[in-house]
Structures are given as structure tokens and as C-alpha cells.
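What you see below is based on every heavy atom in this structure, not just the backbone, and it leaves out hydrogens, waters and symmetry mates.
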Amino acid sequence: MDVSTLPAENLSQDEMAAILYMREEEKLARDVYLTLYNETGLTVFRNIEKSEETHMDMVLSLIEKYNLTDPVEGLGIGEFASPEMESLYNELVERGGRPASWRP
């Protein structure tokens with residue numbers, strides 16, 4: 001769906017904050033799955049990462065539509081504007097990775 005073709009609505013501060021939070025949350029998911037794929041080589045992680053990238057793109061279209069500032073622009077894998085997201089990324093990667101003895 002192309003949200004740019006829909007009429008613009010007035011957003012509350014809470015709605016704007018929610019959009020920005022969603023963008024960073026989708027990046028968190030994408031980055032975790034991409035890292036797990038890189039560490040394990042399991043295709044399932046790559047497939048989910050691609051889906052999360054699609055979600056990121058959809059939220060970015062809302063950010064652009066409402067002229068908001070993208071909170072993750074220019075940030076690399078595992079880098080976040082929010083210290084809480086960065087901490088959660090580290091925790092999820094640690095919990096989700098296979099031990100070295102399992103790797104091919």
C-alpha cells in the first residue's frame with residue numbers, strides 16, 4: 001500500500017512518537033535477524049530479516065508523509081538512537097545465536 005496517496009491526517013504527539021518508535025523497533029528486529037543469519041547461516045533468519053526490512057520501509061513512508069525525522073537514518077547494524085533498543089538488540093542476539101560448536 002502506498003500511504004502517500006492517502007489523505008494526510010493531523011497527528012497527535014503520541015501518534016508521531018508511536019511512528020518513530022515503530023521505525024526503531026522494526027530496525028531492531030531487522031538487525032537481530034540479520035545478525036543471527038550472519039552468525040548461523042540459517043536461511044530462516046535471512047527470510048525474516050527481509051520481512052522486517054519491508055516493515056521498516058512502510059514505516060519510513062509514514063515518516064516521510066508526515067515530515068518527521070527518521071530516528072535510524074545513518075545508523076549501522078546494532079546502532080540505535082535509544083539506549084534501550086541497543087541493549088535489547090545485544091540481549092536478543094546473545095540469546096538467539098547458536099553456540100560456536102553448532103555452526104557449520
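- Partners of Y37 by side-chain contact (heavy atoms from CB on, under 4.5 Å), not counting sequence neighbours, listed by chain and number: F45, R46.
- Between the side chain of E24 and the backbone N or O of P71, no donor-acceptor pair lies under 3.5 Å.
- In this structure, the separation between CG on L68 and CG on L11 is 7.0 Å, given to the nearest 0.5 Å.
- Nearest approach of M56 to V72, heavy atoms of both residues: CE-CG2, 4.3 Å.
- The side-chain heavy atoms of I19 and E15, taken from C-beta on, include no pair separated by under 4.5 Å.
- A distance of 14.5 Å separates CD1 of I48 from CD of E53, quoted to the nearest 0.5 Å.
- Side chains of I77 and R30 form a contact here, defined as non-hydrogen atoms less than 4.5 Å apart.
- Counting heavy atoms from C-beta outward, V59 and E25 have side chains that stay 4.5 Å or more apart.
- K27 places no side-chain N or O within donor-acceptor distance of the main-chain N or O of E52, the cut-off being under 3.5 Å.
- Qualifying side-chain contact (heavy atoms from CB on, under 4.5 Å) partners for L60, counting only residues two or more places apart in sequence or in other chains: R23, I63, E64, D70.
- Panel note: side chain S87, backbone P83; no donor-acceptor pair is recorded below 3.5 Å.
- Pairs engaging residues 53-93 under the ring-ring contact (aromatic ring centres under 6.0 Å, His included) rule: F80-Y89 [sequence neighbours left out].
- Linking Ile, Leu, Val, Met, Phe, Trp and Tyr whenever their side-chain heavy atoms come within less than 4.5 Å leaves L75 and V93 in two separate clusters.
- Panel note: side chain T54, backbone K50; a donor-acceptor pair is recorded below 3.5 Å.
- Linking Ile, Leu, Val, Met, Phe, Trp and Tyr whenever their side-chain heavy atoms come within less than 4.5 Å puts L88 and Y33 in one cluster.
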